[in-house]
Amino acid sequence: MEKIDEHVCSVCPEYILVFGLIGLVKTSKQRVQAHSQRIVQQFEKVEFPPRALSRELEERIVKGYAEDIDIGNFLESACSVCSMLTARSKLQSINDLGIDLSPLVPDGPVTRKERYSSSKPIIEIPGPVLLPNCSDVCTACAKDLSQGKIPSDSLADGLWVGEIPRQLKDLSWTEKMLISRVKHNICIVKVHVSGMSKMKANVVSHSLPMPKIYSVLPLAREDLDEVLAFMYIGPNVLLCLYIEIK
């Protein structure tokens, strides 16, 4: 303060210095004690035991619970733009929104009509790429289309695969495995080290000789080994006695 009193300047009189008292910095122990005191003070204000629920509050709780478990909150339907299952509460009709569907018209070959012979020409499906027999759109796709953008998950962005042919519907797991072009092996391991956890995953994909089953079924035994395999996992050794070959 003595240095400030001795200071002489022609500019300083235009400014005012305000000094205030700053509390001492609390230690971690003092901060914990202060926090505990605040919690105790909050609990002291709470009335215990609490009063009984009023009739109005009971009705409001029951009504809110009934609204939360309403079946309409759980029903899902597909979006015609991205074909993803979405809650019906988040779907709107495209016709009601009046959205411009021109961004969904692909510039290149994305769709094609079903062919029953390889000799027939490939013909694209005209118009915007939408999911057949569906007229609803999710909120995210509707927002992008309203801004003139192509939704990132839209079928028009190269994700169109068409409808499943009647011959390929309701297949069993074995039938799906026989006609699949690629076999996927996925292994996920969770490792615990020093109380921490992390995930390690490994995905292996390899092609299958599916063209061999195009023309003739069932396959010959020598060809079946290249298409179908069984893996037995367990603590015991598998004996040939339990394997029956017909």
Side-chain angles (χ1 to χ4, degrees), residues 56-116 120-171 173 176-177 179-190 196-207:
E56 181 182 356
L57 182 57
E58 288 181 357
E59 293 178 354
R60 196 191 325 164
I61 293 174
V62 173
K63 183 179 179 181
Y65 176 74
E67 292 176 353
D68 292 339
I69 65 173
D70 184 70
I71 191 173
N73 298 329
F74 301 95
L75 292 178
E76 295 180 329
S77 184
C79 172
S80 59
V81 178
C82 63
S83 74
M84 292 186 180
L85 285 177
T86 310
R88 289 187 178 180
S89 57
K90 298 181 180 180
L91 291 174
Q92 294 178 294
S93 176
I94 294 182
N95 300 327
D96 296 341
L97 295 177
I99 299 177
D100 182 20
L101 301 179
S102 58
L104 299 179
V105 179
D107 298 332
V110 175
T111 62
R112 62 173 60 183
K113 293 184 179 180
E114 184 178 358
R115 298 186 302 165
Y116 299 97
K120 292 185 178 181
I122 299 176
I123 302 176
E124 296 184 23
I125 301 176
V129 181
L130 296 172
L131 187 67
N133 303 322
C134 185
S135 60
D136 296 331
V137 60
C138 63
T139 305
C141 293
K143 181 179 179 181
D144 291 339
L145 290 175
S146 61
Q147 298 175 357
K149 302 178 182 178
I150 301 179
S152 57
D153 297 326
S154 64
L155 301 178
D157 197 17
L159 300 178
W160 182 89
V161 294
E163 295 189 72
I164 301 176
R166 178 180 56 84
Q167 296 82 355
L168 299 180
K169 291 183 179 180
D170 302 327
L171 296 180
W173 177 81
K176 292 179 180 179
M177 183 175 59
I179 66 173
S180 60
R181 295 185 176 181
V182 179
K183 174 64 178 177
H184 304 279
N185 292 331
I186 304 174
C187 179
I188 300 178
V189 180
K190 188 174 183 179
M196 306 295 289
S197 61
K198 62 180 179 179
M199 300 293 293
K200 284 189 175 182
N202 182 26
V203 179
V204 179
S205 301
H206 55 87
S207 60

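Everything numeric here is computed off the predicted structure, so don't read it as measured data. Nothing fancy with the numbering, it's 1 onward along the sequence.
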Item to complete: State whether the number of non-hydrogen atoms from other residues, nucleotides or ligands found under 6.0 Å of I69 atom CD1 is greater than 12.
Response: yes
Side-chain donor/acceptor pairs under 3.5 Å, residues 83-110, sequence neighbours excluded:
| unit_1 | atom_1 | unit_2 | atom_2 | d |
| --- | --- | --- | --- | --- |
| T86 | OG1 | M84 | O | 3.3 |
| S93 | OG | N95 | N | 3.4 |
| D100 | OD1 | S102 | N | 3.2 |
| D100 | OD1 | S102 | OG | 3.2 |
| D100 | OD2 | S102 | OG | 2.7 |

Item to complete: Give a yes or no on whether Y116 atom OH has more than 12 heavy-atom contacts from other residues, nucleotides or ligands under 6.0 Å away.
Response: no
Discussion item. Let me confirm one number: the NZ-NZ distance from K120 to K113, rounded to the nearest 0.5 Å.
Written reply: 11.5 Å
Response to the item:
side chain to side chain donor-acceptor pair (under 3.5 Å) pairs touching residues 62-80, sequence neighbours excluded, are none
Fill in: Shortest non-hydrogen contact between I125 and R112, atoms and distance
CD1-O, 3.8 Å
Show me, pair by pair, the donor-acceptor contacts under 3.5 angstrom made by side chains of residues 148-155, not counting sequence neighbours?
| unit_1 | atom_1 | unit_2 | atom_2 | d |
| --- | --- | --- | --- | --- |
| K149 | NZ | Q147 | OE1 | 3.3 |
| S154 | OG | P151 | O | 2.9 |

Worksheet item: Do you know the tightest heavy-atom contact between V129 and W160?
Response: CG1-CD1, 3.5 Å
Practice prompt. Measure across P165 and E114 and return the closest heavy-atom pair with its distance rounded to 0.1 Å.
Written response: CB-OE2, 4.2 Å
Worksheet item: Does CD in E163 sit with more than 12 non-hydrogen atoms of other residues, nucleotides or ligands closer than 6.0 Å?
Response: no
